[in-house]
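What follows is a single structure, written as structure tokens, with notes after it.
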2 protein chains.
Amino acid sequence: MSGEDNLLRLVEAEDGDENNYHLQDQVGFILRKAHQRHVSIFASHIGDLTPPQFAALAKLYDIGETSQNQLGTLIAMDAATVKGVIDRLKARGLVEVSKHEVDKRRLLVNLTPEGREAIERLIPLARTITEETLAPLTAKEAATFLRLLAKLA
Amino acid sequence: MSGEDNLLRLVEAEDGDENNYHLQDQVGFILRKAHQRHVSIFASHIGDLTPPQFAALAKLYDIGETSQNQLGTLIAMDAATVKGVIDRLKARGLVEVSKHEVDKRRLLVNLTPEGREAIERLIPLARTITEETLAPLTAKEAATFLRLLAKLA
DNA sequence: CTGATATCATTTGCATACGAATGAATTTGA
DNA sequence: TCAAATTCATTCGTATGCAAATGATATCAG
């Protein structure tokens with residue numbers, strides 16, 4: 001038996017479960033599953049829009065016209081991702097784009113009337129989605145969870 | 001005015017900001033950002049493997065040979081997704097697949113010696129990744145967070 | 001004023017993620 | 001037993017998500 005084996009046995013003896021790596025205890029894995037569950041709940045309430053698409057509309061509704069790049073920063077999407085999201089919203093007539101008068105690099109994005117109508121209609125559903133996502137927790141637990149989650153995001 | 005409207009007005013009166021929908025307060029949005037941050041931390045420590053690929057290797061290391069479908073269930077991936085993950089791990093020689101002797105529908109998946117060596121080498125890094133992901137929280141907060149997160153996943 | 005830098009947007013390539021449809025094999029139930 | 005239902009895997013289509021490269025424009029520094 002090698003020295004490494006001996007050491008390993010000592011470690012095992014101390015801990016009892018040192019060798020066992022349990023995926024389901026890792027924060028990344030649980031985070032991924034919780035996110036999956038939320039997306040599924042979202043889809044069950046809002047079937048014709050994805051969470052990123054909803055985020056883009058909601059942010060435009062909140063702050064008004066802005067550049068594609070700035071919008072991406074605000075909703076945590078890189079330039080390549082936000083372009084795809086905006087392209088699809090544009091194809092559906094929910095947003096419209098225009099060139100910035102001064103800075104010719106910028107692409108301005110804004111809600112269309114249809115987009116505004118859509119997001120106003122959907123925001124109440126989004127509140128329901130949030131409630132359902134947090135339903136396994138008590139109100140106090142939910143508050144604690146959101147506070148700690150925000151620290152990690 | 002309906003009863004619902006009345007209730008809503010009461011809530012608004014209590015809250016004072018009912019009309020304003022803030023994306024950054026929604027659990028789904030924060031969950032998405034926290035997940036993004038974790039993936040980024042993961043990539044900074046383990047550049048040549050994605051979290052889903054790591055999950056597949058870790059689970060195979062934990063339970064040994066299993067069917068592709070069963071593996072997918074254990075690591076929370078649907079059949080289409082797990083196929084892609086296994087295909088890429090197979091192409092890199094980290095897993096090998098074989099046909100189930102009895103049930104000819106099943107595709108058995110197992111670690112290769114290289115895959116086993118890889119996951120044993122990476123598990124300590126994964127512990128570091130978990131620590132770094134939870135670093136913004138105190139030990140007590142982290143324990144609370146994991147407990148509540150697990151309830152949501 | 002101008003060359004170096006920085007910013008904005010686009011494109012490509014790769015990797016999840018999932019719904020839906022399909023085909024093969026197995027299990028169930030009348 | 002045998003038709004119906006189920007399970008396993010694959011394929012297709014669509015939608016994030018990000019790294020890297022590129023081009024256009026704007027800003028900065030000397």
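Letters A, B, ... are given to chains in the order of the sequence lines, protein chains preceding strands, and every chain is numbered from 1.
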Query raised in the report: Are any of the side-chain heavy atoms of Gln24(A) and Lys59(B) separated by less than 4.5 Å?
Result: yes
**Report entry** Check: dT7(C) base within 3.5 Å donor-acceptor of Arg105(A) side chain
**Finding:** yes
Query raised in the report: Hey, are Thr112(A) and Glu96(A) close enough side-chain-wise for a donor-acceptor pair under 3.5 Å?
Result: no
Query raised in the report: Taking only residues two or more places apart in sequence, or in another chain, which ones meet Glu141(B) in a salt bridge (charged side-chain N to carboxylate O under 4.0 Å, His left out)?
Result: Arg147(A), Lys151(A)
Query raised in the report: So how far is it from Thr130(A) OG1 to Arg127(A) CZ, rounded to the nearest 0.5 Å?
Result: 8.5 Å
Query raised in the report: What does nucleotides 10-22 of chain C look like as a protein-contact string, B for base, S for sugar-phosphate only, - for none, at under 4.0 angstrom between heavy atoms?
Result: BB---SBBBB---
**Report entry** Flag side-chain contact, heavy atom, 4.5 Å: Lys33(A) against Arg37(A)
**Finding:** no
Requested in this report: Could you tell me the separation between the CG atom of Asn69(B) and the P atom of dA24(C), rounded to a whole number of Å?
Outcome: 18 Å
Query - Side-chain touch Ile46(A)/Asp48(A), heavy atoms, less than 4.5 angstrom - result: yes
Requested in this report: Indicate, with a heavy-atom threshold strictly under 4.0 Å, whether Val102(A) touches base, sugar-phosphate, or nothing.
Outcome: sugar-phosphate
**Report entry** His35(A) and His35(B) aromatic ring geometry - parallel, tilted or perpendicular at 30°/60° bounds
**Finding:** parallel
Report summary line: Distance col, row Arg32(A):CZ vs Leu31(B):CG, nearest 0.5 angstrom, shows 13.0 Å
Query - DNA chain D: 5'-most and 3'-most nucleotides touching chain B, 4.0 angstrom heavy-atom criterion - result: dT7(D) to dC18(D)
